[in-house]
Structures are given as C-alpha cells and as structure tokens.
Amino acid sequence: MEQPFVLTEDMLWDYADGFLSPEEKTRVHEYLLLHPEQMSRLDAIADEKRRFASLPTERPNAGFADRVMAAWVSEQAGSRQIVAGKGKDWVVYSIAAAMGLFLLLPILLIFISAPASATDLIPAEYLPQTPTIPWTEIFNSPVMRFGMPLVLLFFSFRFLDQYLQQKKMLAKLQA
Amino acid sequence: MAATLSDEILIEQARNGRQTAFAMLVKRYEQYAFTLALRFVKNREDAHEVAQDAFLRAFRYLPDFRGDAKFTTWLYKIVYSTSLNFLRKQNPDIQSIDDDDRPVKLPDEGTPDPSQAMERNDRNAALQRAIQMLSPDDAGIITLFYLYEHSLEEICQIMDMTMTNAKTKLCRARQRLKGIVEGRFSTEIAY
C-alpha cells in the first residue's frame, strides 16, 4: 500500500532551492495545485529566501583596500629584492666557479701532461711534447701564497653574507 | 568607467602587473570576502586579517587562475582555505570547520535584552547575529548559497565537498539557523 504523500518543510525548501529531481518536483507541484492552502508555506519560504538575499554584506574598516594594496606592494618590493639578490648571487657563483676551475686546472693539467703509463713502449718520435709546468714557481709565487687565501676568504664571507640576508628577508616575508 | 570593466579585463591587467587593476578587484570584492571571512572566524579583527591574507594569496596565485570557474568562486575558495588555516593556527587540533558532530555553540551574551533588540527593530541585524551564532561551516554555506546566490556546484568547489554533502550541510545549517532564530530572535524575526 502506497504511503500518503507528506509535504515536509525540508521538501518545500528543496523545492524552492531547486534541489529536487524532476519527478519529485512534479510531485510537489501537483500536490500544491491540489492543496492551495499549502502555498502559504511556500510563500513564507520564498520570503525567507528574499530576506536572506537582501541581507547587507559587512563592511570592512575604512582603508582596508589601501592596506591590502600597501601589503601587496610591499610584498612585490620584497620579491623584487630577492630576485635582484638572486641575480647578484649568480655573478658571485660564476666567479666562484671560475675560481674553482682555476684551482682544479693544475690538477687537470697533471693528468694531461702525464698521460702514458708505459711511455718506454712508444717510440720517442711518437710521444707528444709534454708541456713543462713550473709548479714550484707557481705555488711559491706571492700571488698564490697570499692572494689565493685572501680571495677565498673574501668569497666565503660574501656567500655567508648573501645567505644570511636572504634568510632574513624570507623570514620577514613569511611573518 | 572602472565599474564597467569586467573581472576578466581586470584580471588580465593585474596579471600584467597593473596595480590599479589589483586595487579595483579589492574594492569590488572587499565586502564579500570580508563578510565570508567574518562568517568563518567570527571576529571582525581576525576577519580583516584573513580577508587581507586571502587577497594577497589570490594576487600571488593569479597567474594560475585559468578562468574555468568564476573569479568569485576562486576567491571565496581562497577565503575559505585561509580561514581554515587561521582557525587551525588558533587551535591546532581542528581538522575542519565542519561541526556535524558538535552542537551549535551559542555564545554567552549575558542576559538577553529584548528592549534593546526591539529598539533596534532591525530584522536584518537580528538575522545577521543569528547567522554569526552558527558554526563557521554552517554560516559559510548559508552565506554562499542564500546571500551570494552561488550554486551548489560552486559551493562544492569553494568548500571542497561533494554535492550530497553540500546539500545535507545546507539543510542542516538551515535547520540550525531556524533553531537559533526561534530560540533567541523570535521577537525580531518571524521565521
């Protein structure tokens, strides 16, 4: 036996909100046609929905938009500084790479200049003329003895300074 | 002139770095974002912080906005997640602002003062106060659906939930609001 149709409050809200399936919607619609006295309930819901829709939005304090924009501009300026800082870092990194290469070059040259392990097996006329590098003179020169450590020290401090500055800036932005 | 510019144009200009376009978007949506934030965090001071943070996040991620959804849907989603983060910071145990398992928490307002309420005779104010008494999720979904007239699909995107869940939540929020109105503001609002 089929249950009698009961039009609940929630069903009416769903009808008004357009949540019902086409079948349910038709059923409610037909029920309302047969029971016009129930239309007042639907009208009350429609009034309530209108009241909701007409509720004014809350106003933020005066100058809110200006504060947002100031924060945005400040954030942008911070990002630009970081980007600019990163640009400078690339210069520093390039110099460091060049310095590293300069230090590694003698080691590389050792391998290039003494490649053969059994040179006595190769006729002398086929052996390449290996360059003679004055290692003792290079390493004993004042530039290498005093200049290199100073340059390395300078770049070490520079790296440390850049790292600390970036860390400080990131902490400031995150705060 | 500025008012006639569409969101799409302003977004495009903002993407190209025009500060005035950003400012116009803030002006256009500050009240909506602030109201929504207020519904979630329940406090004007905190709502200012959340709304500002939401706008900054929106601008930061504006290049990622593809325009699949409405700008407001996208912005309100950011407001929702920013509010959730804010509430989590305040209470690290909070997993969501969904409180299906918790009863509506009515703030203790001391002795009700009907004469004061009648003096104001402001149904809207009473309804606003009733909405403020709802849980963040309930207040949010009521605001989005009935005030901002967002569709259920858009609410699902904003609040990251399924259709069935959103429908159920809206129904429960309505029932809870009715309960609050009938219990506290029956003189101001004839529900």
Side-chain angles (χ1 to χ4, degrees), chain A residues 7-22 24-25 28 40-84 169-170 172-175, chain B residues 14 17 19-20 22-39 44-45 47-49 51-60 122-125 127-128 130-132 142-143 145-149 151-152 163 166-168 170-172 174-175 177-178 181 189-191:
Chain A
L7 187 59
T8 63
E9 179 85 5
D10 285 340
M11 207 180 280
L12 263 179
W13 270 98
D14 285 350
Y15 179 75
D17 289 340
F19 292 163
L20 295 181
S21 65
E24 289 171 326
K25 197 177 166 184
V28 172
S40 60
R41 289 170 67 194
L42 188 64
D43 291 343
I45 288 172
D47 282 347
E48 194 58 32
K49 275 169 68 84
R50 269 194 293 275
R51 196 182 301 164
F52 275 134
S54 66
L55 276 182
T57 49
E58 301 274 349
R59 278 181 184 279
N61 292 348
F64 171 77
D66 295 337
R67 279 194 299 280
V68 172
M69 288 314 294
W72 175 241
V73 169
S74 152
E75 186 179 307
Q76 289 296 98
S79 307
R80 270 197 293 274
Q81 271 183 23
I82 288 176
V83 171
M169 180 63 76
L170 281 173
K172 208 171 165 184
L173 282 173
Q174 280 165 0
Chain B
Q19 298 286 351
T20 44
F22 281 119
M24 280 181 206
L25 284 170
V26 178
K27 280 270 176 208
R28 189 172 289 180
Y29 293 112
E30 62 175 358
Q31 286 188 35
Y32 296 99
F34 177 73
T35 304
L36 194 58
L38 186 60
R39 296 280 184 263
R44 281 188 70 87
E45 201 180 321
H48 278 106
E49 193 183 324
Q52 173 168 328
D53 202 19
F55 273 117
L56 293 181
R57 283 179 71 191
F59 291 162
R60 222 173 285 149
D122 189 343
R123 291 154 67 103
N124 279 352
L127 193 53
Q128 295 268 34
I131 294 173
Q132 277 301 99
I142 290 269
T143 303
F145 190 76
Y146 292 113
L147 273 72
Y148 296 179
E149 297 181 336
S151 70
L152 214 56
M163 278 288 275
K167 221 161 149 179
T168 312
L170 183 66
C171 182
R172 284 184 192 169
R174 220 170 43 214
Q175 287 167 351
L177 182 64
K178 189 181 176 186
V181 166
I189 309 167
Y191 206 92

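Computed from heavy atoms alone, side chains included, the values below leave out hydrogens, waters and symmetry copies. Residue numbering restarts at 1 for every chain, and letters A, B, ... go by the order of the sequence lines. This structure is a prediction, so every number in the text was calculated from the model and none was measured.
Taking 4.5 Å as the limit, every side-chain heavy atom of B:Val26 sits out of range of all side-chain heavy atoms of A:Asp66. You'll find the side chain of B:Gln19 reaches within 4.5 Å of the side chain of A:Met69, heavy atoms only. B:Glu30 places none of its side-chain heavy atoms less than 4.5 Å from the side chain of A:Val68. Counting heavy atoms from C-beta outward, B:Gln175 and A:Glu9 have side chains that stay 4.5 Å or more apart. In this structure, B:Gln31 and A:Pro56 have side chains that are not in contact, with every pair of non-hydrogen atoms separated by 4.5 Å or more. The closest side-chain heavy-atom distance from A:Thr57 to B:Tyr148 is below 4.5 Å.
Contacts of B:Leu56 with chain A are made by both backbone and side-chain atoms, with heavy-atom separations under 4.5 Å. In this structure, chain A has a heavy atom under 4.5 Å from the side chain of B:Phe34, while its backbone stays farther away. Looking at B:Leu152, only its side chain comes within 4.5 Å of chain A, counting heavy atoms on both sides. Of the atoms belonging to A:Arg50, not a single heavy atom falls under 4.5 Å from chain B. Both the backbone and the side chain of A:Asp17 come within less than 4.5 Å of a heavy atom of chain B. With a 4.5 Å cut-off on non-hydrogen atoms, A:Ala53 touches chain B through its backbone and its side chain both. For a residue to count as touching a neighbouring chain, one of its non-hydrogen atoms must lie under 4.5 Å from one of that chain's; by this rule B:Ala51 touches chain A with backbone and side chain alike.
No more than 12 heavy atoms of other residues, nucleotides or ligands lie within 6.0 Å of OH in B:Tyr32, so this atom counts as exposed by the packing criterion.
Scanning both residues, B:Leu177 and A:Phe52, for their nearest heavy atoms gives CD2-CZ, 3.2 Å.
The side chain to side chain contact (heavy atoms under 4.5 Å, CB included) search around A:Ser40 returns none, not counting sequence neighbours. Applying the salt bridge (Lys or Arg N to Asp or Glu O under 4.0 Å) test to A:Arg59 and every residue at least two apart in sequence or in another chain returns nothing.
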Verdict with supporting geometry, B:Ile131 and A:Leu55, side chain to side chain contact (heavy atoms under 4.5 Å, CB included): CA-CA 11 Å; B:Ile131 294 173; A:Leu55 276 182; 3.6 Å; yes

Check against ring-ring contact (aromatic ring centres under 6.0 Å, His included), B:Phe145 and A:Trp13: CA-CA 13 Å; B:Phe145 190 76; A:Trp13 270 98; 9.3 Å; no

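Contact count versus chain A (heavy atoms, under 4.5 Å) is highest, among B:Glu149, B:Arg39, B:Arg44, for B:Arg44.
Of the possible polar contacts, one joining the B:His48 side chain to the A:Asn61 backbone as a donor-acceptor pair under 3.5 Å is found. A donor-acceptor distance shorter than 3.5 angstrom exists from the side chain of B:Lys167 to the backbone of A:Phe19, with no hydrogens or angles considered.
Taking CD of A:Gln76 as the reference point, atom CZ of B:Phe59 lies at 10.0 Å (rounded to 0.5 Å). The CD atom of B:Gln52 lies 12.5 Å from the CH2 atom of A:Trp72; values are rounded to the nearest 0.5 Å.
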